[in-house]
Trainee: 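Below you will find the structure I want to go over with you.
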Amino acid sequence: QRLIKLLREDPEIGGAQIIGLQEVDRNRKRTGNVNTARQIAEALGMRYAWAAPPDSDKDGEEETGVLILSTYPLSDVERIVLEGEGPDGRKRVAVGATVSVGRAQLRVYSVHAETRMPVEKKVGHWRSVLEDLKRFPDARGAIVLGDFNTIKGKDVRAARKLFAEAGFDTPFPDDEKTWKTFVVKLKLDWFWLRGLDATSFGIDKSVDLSDHWPLWANVRVPSSKP
């Protein structure tokens, strides 16, 4: 309920028209076995797409998932199981959807990547999203956002290299911290754009629901081609 209130009223992130969230539960005991993705979407009057990794614990509970919320219509919703495995065979996923903003079709992904794996495998993780994007060559623009778990400097540099080579840019500097715990601050979260321009952006460090701060941007969608 606090998150819903923030997404409605916060001066920086309130009223966003496209939102990506990670670690969103559905059918888990710790959150009352409710569909929290649907709760948030219905409270905000938004459409949504949610996906979770394969259940590795076999405990009867679903894994925590990733979510896209949108005031615009969604289509071509896909769960992308990211390449490679984490500890104990754990998988991670992204959810992708085509967002129809007027006549413009945007491809949007919410990503939650693995923490404990070498950078080479992390690159394989992120590349899974770019491979899915190739299936949508007519998309006017693309947005890839979420928790990349770029814990080390070499992870940050690898993310920058991979996405820059794929034609993406981000308004956020590579040394801008997005996560904190006690005295440690790291750059874990990303907001990548292709074919779109950010007219303003920021990190809302007043939001303390998570150890990750939310990133936001106002984005200009290019005019329709004649």
Trainee: Find out if a path of hydrophobic residues (ILVMFWY) with successive side-chain heavy-atom gaps under 4.5 Å connects Ile80 to Phe191.
Mentor: no
Trainee: Does Arg157 reach the side chain of Val119, with side-chain heavy atoms less than 4.5 Å apart?
Mentor: no
Trainee: Decide yes or no on salt bridge (Lys or Arg N to Asp or Glu O under 4.0 Å) for Arg160 and Asp169, but give the supporting numbers first.
Mentor: CA-CA 8 Å; Arg160 165 66 69 175; Asp169 197 6; 3.4 Å; yes
Trainee: Is there side-chain contact between Arg2 and Asp208, with at least one heavy-atom pair below 4.5 Å?
Mentor: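 Sidechains of Asp208 and Arg2: in contact.
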Trainee: Taking all heavy atoms of Glu12 and all of Asp10, pick out the closest pair and write down the distance.
Mentor: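 For Glu12 and Asp10, the tightest heavy-atom pair comes out as N-OD2, 2.9 Å.
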Trainee: Considering non-hydrogen atoms only, spot the tightest contact between Leu196 and Gly141 and give its length.
Mentor: CG-CA, 4.1 Å
Trainee: Can Glu78 and Arg135 be counted as an ion pair, charged N to O under 4.0 angstrom?
Mentor: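 Yes, this pair counts.
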Trainee: Under the ring pair (Phe, Tyr, Trp, His ring centres under 6.0 Å) definition, can you give me all pairs with a residue in residues 93-139, not counting sequence neighbours?
Mentor: Trp126-Phe148
Trainee: Rounded to the nearest 0.5 Å, how far does CD of Glu176 lie from CH2 of Trp213?
Mentor: 9.0 Å
Trainee: Please work out whether the ring planes of Phe172 and Phe201 are parallel, tilted or perpendicular, with thresholds of 30° and 60°.
Mentor: perpendicular
Trainee: Inspect the contact between Asp155 and Lys152 and indicate whether a charged nitrogen and a carboxylate oxygen are less than 4.0 angstrom apart.
Mentor: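 Salt bridge absent between Lys152 and Asp155.
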Trainee: Is Lys180 close to Lys185 at the side-chain level, that is, under 4.5 Å between some pair of heavy atoms?
Mentor: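 Yes, at least one pair of side-chain atoms sits under 4.5 Å.
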Trainee: Closer than 4.0 angstrom, basic N to acidic O: yes or no for Arg92 and Asp147?
Mentor: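 Asp147 and Arg92: not salt-bridged.
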Trainee: Between Ser200 and Asn218, does any side-chain donor sit less than 3.5 Å from a side-chain acceptor?
Mentor: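 Yes - a donor-acceptor pair under 3.5 Å links their side chains.
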Trainee: State the CD1-CG distance between Ile151 and Leu186, to the nearest 0.5 angstrom.
Mentor: 7.0 Å
Trainee: Any donor and acceptor pair, going by atom type alone, linking the side chain of Arg194 with main-chain N or O of Ala166 inside 3.5 Å?
Mentor: yes
Trainee: Please find the pair of heavy atoms, one from Val66 and one from Val111, that lie closest to each other, and give the distance.
Mentor: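 Scanning both residues, the minimum pair turns out to be CG1-C, 4.3 Å.
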Trainee: So, do Val156 and Lys161 sit near enough that their side-chain heavy atoms are less than 4.5 Å apart?
Mentor: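 Side-chain contact under 4.5 Å: no.
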Trainee: Any side-chain heavy-atom pair from Leu82 and Lys122 closer than 4.5 angstrom?
Mentor: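 When only atoms from C-beta onward are counted, Lys122 and Leu82 do not touch, as no gap falls below 4.5 Å.
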Trainee: Are Val108 and Val95 connected, step by step, through hydrophobic side chains (Ile, Leu, Val, Met, Phe, Trp, Tyr) whose heavy atoms are closer than 4.5 Å?
Mentor: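 The answer is yes; both residues are in one hydrophobic cluster.
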Trainee: Kindly give the cluster partners of Met46, where membership spreads through any ILVMFWY side chain lying under 4.5 Å from a current member.
Mentor: Leu3, Ile4, Leu6, Leu7, Ile13, Ile19, Leu21, Val24, Ile40, Leu44, Tyr48, Trp50, Leu67, Leu69, Val207, Leu209, Trp216
Trainee: Could you state the interatomic distance from CG (Leu133) to CD (Glu131), rounded to the nearest 0.5 Å?
Mentor: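 Reported value, rounded in 0.5 Å steps: 9.5 Å.
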Trainee: Looking at Thr36, Asp25, Thr64, which hits side-chain hydrogen bond (donor to acceptor under 3.5 Å, both in side chains) with Thr31?
Mentor: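 Result: among Thr36, Asp25, Thr64, Asp25 is the only option passing the side-chain hydrogen bond (donor to acceptor under 3.5 Å, both in side chains) with Thr31.
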Trainee: Would a single hydrophobic cluster contain both Val129 and Phe163, if residues Ile, Leu, Val, Met, Phe, Trp and Tyr are joined by side-chain heavy-atom contacts under 4.5 Å?
Mentor: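 Yes.
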Trainee: If hydrophobic clusters are built by linking Ile, Leu, Val, Met, Phe, Trp and Tyr wherever their side-chain heavy atoms come under 4.5 Å apart, do Val101 and Ile143 end up in the same one?
Mentor: yes
Trainee: Provide the closest heavy-atom pair for Ala43 versus Arg8 in the form atom of the first, atom of the second, distance.
Mentor: O-NH2, 3.0 Å
Trainee: Which atoms form the tightest heavy-atom contact between Pro54 and Arg79, and what is the distance?
Mentor: N-NH1, 3.7 Å
Trainee: Report, as yes or no, whether the 6.0 Å neighbourhood of atom NZ on Lys121 holds more than 12 heavy atoms from other residues, nucleotides or ligands.
Mentor: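 No, the 6.0 Å shell around NZ holds no more than 12 heavy atoms from other groups.
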Trainee: Ion pair present between Arg127 and Glu165, side-chain N to carboxylate O less than 4.0 angstrom?
Mentor: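 A salt bridge is absent here (no side-chain N lies under 4.0 Å from a carboxylate O).
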Trainee: Taking atom NZ of Lys91 and atom CD of Glu83, what is their separation to the nearest 0.5 Å?
Mentor: 8.0 Å
Trainee: Hey, what do you get for CG (Leu215) to CD1 (Ile203), rounding to the nearest 0.5 Å?
Mentor: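 That separation rounds to 4.5 Å.
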Trainee: Determine whether Asp138 and Gln105 satisfy the following criterion, side chain to side chain contact (heavy atoms under 4.5 Å, CB included), listing intermediate values before the conclusion.
Mentor: CA-CA 8 Å; Asp138 295 331; Gln105 303 289 299; over 6 Å; no
Trainee: Taking Gly146's backbone N and O only, do any of them form a donor-acceptor pair with Ser110's side chain (distance below 3.5 Å, no angle check)?
Mentor: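 Absent.
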Trainee: For Asp211, give me all partners under side-chain hydrogen bond (donor to acceptor under 3.5 Å, both in side chains), at least two apart in sequence or on another chain.
Mentor: Trp179
Trainee: Hey, quick one: are Met117 and Leu162 part of the same hydrophobic cluster, counting side-chain heavy atoms closer than 4.5 Å, chains of contacts allowed?
Mentor: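 They do not share one cluster, since no chain of ILVMFWY contacts under 4.5 Å joins Met117 to Leu162.
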Trainee: Testing Glu63, Glu114, Glu85 one by one against Arg90 for a salt bridge (charged side-chain N to carboxylate O under 4.0 Å, His left out), which residue passes?
Mentor: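 That would be Glu114; it is the only one of Glu63, Glu114, Glu85 passing the salt bridge (charged side-chain N to carboxylate O under 4.0 Å, His left out) with Arg90.
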Trainee: Do you know the tightest heavy-atom contact between Pro171 and Leu193?
Mentor: CD-CD1, 4.4 Å
Trainee: So, Arg47 side chain and Thr71 main chain: donor-acceptor pair closer than 3.5 Å or not?
Mentor: yes
